[in-house]
Amino acid sequence: MMGRCVERALPVVVMVLVVLTQVINLIVSKMAMSRGLNFFILVLYADLLSTLISLPFAFIFSRSNNCPVTFAVLCKIFLLALVGLVLICEYAGTNYGSPTLATAMMNLIPGFTFVLALILRMETVNWRSLSSHAKTIGTLVSIAGAFVLTFYNGPPILNKPTLLFLSTQQNWILGAFLLAISALSIAIWYISQAAILKVYPAKTMMLCFYFLFLTIQSALVSLVTVRDWSVWKIHPDITLFAVFYSGCTLAFRLYLISWCIGKEGPLFVSMFKPMAIVIAAVLGVIWLSDTLYLGSIIGGVIIVVGFYAVMWGKSKENITKVETLGNSASSCHNAPLLQVHTQN
């Protein structure tokens with residue numbers, strides 16, 4: 001019983017850790033880009049470092065796997081890297097906007113993922129089922145709560161209002177547009193990776209090829225867009241730390257995300273995105289002395305309610321599937337006895 005509870009709680013703990021590292025990455029990257037670090041160069045160096053980190057792990061853990069790397073699999077991973085290349089939009093949107101805006105736009109990911117999963121029949125909605133109601137309504141409630149947290153301030157509760165990371169209105173709109181594109185690409189990435197893992201379950205080797213292709217693609221883009229060679233230099237300050245942190249946590253996050261996608265599905269992973277804005281608000285108050293508003297608390301409570309509704313719907317659905325498989329296995333086991341009894 002204890003082991004089953006731990007097994008069910010582990011994906012939740014993993015995804016909370018993934019979201020926490022991603023929010024910290026957005027804050028650190030924004031600080032580095034404010035110091036002059038180009039977001040194309042940041043993405044390129046982070047991809048290169050992720051490739052170097054994932055390479056030894058791929059060969060160590062893939063020895064026991066009997067999954068041959070075919071040309072078709074490599075083509076699928078290459079296309080997955082093209083989708084992942086749009087991650088540049090996340091850094092660009094954070095540069096033009098703010099980490100708070102970036103975490104707010106992450107809340108589009110569950111909606112995009114849910115719609116894509118429905119179209120591709122990876123998720124089903126049975127309007128007679130209470131679990132389907134919980135998943136659908138919980139998704140909408142989480143997204144609504146995140147937008148309440150973002151766009152409704154209310155009276156300040158902790159710290160005085162500041163104008164940290166202030167951007168012009170045009171840059172803010174451009175950042176929001178780029179982050180919306182990034183949210184759509186991440187949703188497509190979740191769905192595509194789930195499809196690849198079904199035919200090639202070797203996660204470490206798949207991610208190694210993914211980072212390799214991603215590094216090549218981002219290098220080509222950087223060579224075309226960044227002509228000033230002085231921008232390519234990394235100084236031993238917050239910019240170096242941002243590159244190191246982004247590269248290390250990227251490999252770490254994607255492996256954990258791949259594990260959770262293979263275990264719980266893409267919708268489960270995307271549903272943790274609304275938690276990012278809650279974590280960003282908490283870190284902003286503690287680390288950057290941001291102002292905590294009443295709207296942040298109200299939005300956070302709404303997000304938690306929607307989150308638990310979806311988690312309950314997923315767990316209820318999994319229990320139903322297990323019971324259905326158990327009944328099917330029992331029927332198949334009893335079928336030969338019935339046939340023998342009829343023959344006698």
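Just so you know, these numbers use all the heavy atoms, side chains as well, and skip hydrogens, waters and symmetry mates. Note that this is a predicted model, so its numbers are computed, not measured.
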Decide whether F241 and I24 are clustered together by the hydrophobic rule: side chain heavy atoms of Ile, Leu, Val, Met, Phe, Trp, Tyr closer than 4.5 Å, transitively. yes

Side-chain contact, heavy-atom cut-off 4.5 Å: Q193 with L197? yes

Between Y210 and D47, does any side-chain donor sit less than 3.5 Å from a side-chain acceptor? no

Are L212 and Y255 connected into the same hydrophobic cluster when the rule is that any two of I, L, V, M, F, W, Y join if their side-chain heavy atoms are below 4.5 Å apart? no

Determine yes or no for a side-chain-to-main-chain donor-acceptor pair under 3.5 angstrom, with S246 supplying the side chain and V243 the backbone. no

Aromatic ring proximity W232/F40, centre distance under 6.0 Å: no

The side-chain hydrogen bond (donor to acceptor under 3.5 Å, both in side chains) partners of S182 (sequence neighbours excluded) come to none

In the single-linkage hydrophobic clustering (I, L, V, M, F, W, Y; side-chain heavy atoms under 4.5 Å), do I88 and L179 co-cluster? yes

S50 (side chain) donor-acceptor with G247 (main chain) under 3.5 angstrom: yes

Is there a donor-acceptor contact under 3.5 Å from the side chain of T136 to the main chain of H133? no

Can you find a pair of side-chain heavy atoms, one from Q217 and one from F78, that are under 4.5 Å apart? yes

Side-chain donor/acceptor of Y245 to backbone N/O of T21, under 3.5 Å: yes

Is there a path from L48 to L37 through hydrophobic residues (I, L, V, M, F, W, Y) whose side chains come within less than 4.5 Å of each other? no

Going from OG on S218 to OH on Y45, what distance comes out if it is rounded to the nearest 0.5 angstrom? 11.0 Å

Identify whether W259 and L80 are in the same connected component of the hydrophobic contact network (ILVMFWY, side-chain heavy atoms under 4.5 Å). yes

Can any side-chain N or O of T70 pair as donor or acceptor with the backbone N or O of V73 at less than 3.5 Å? yes

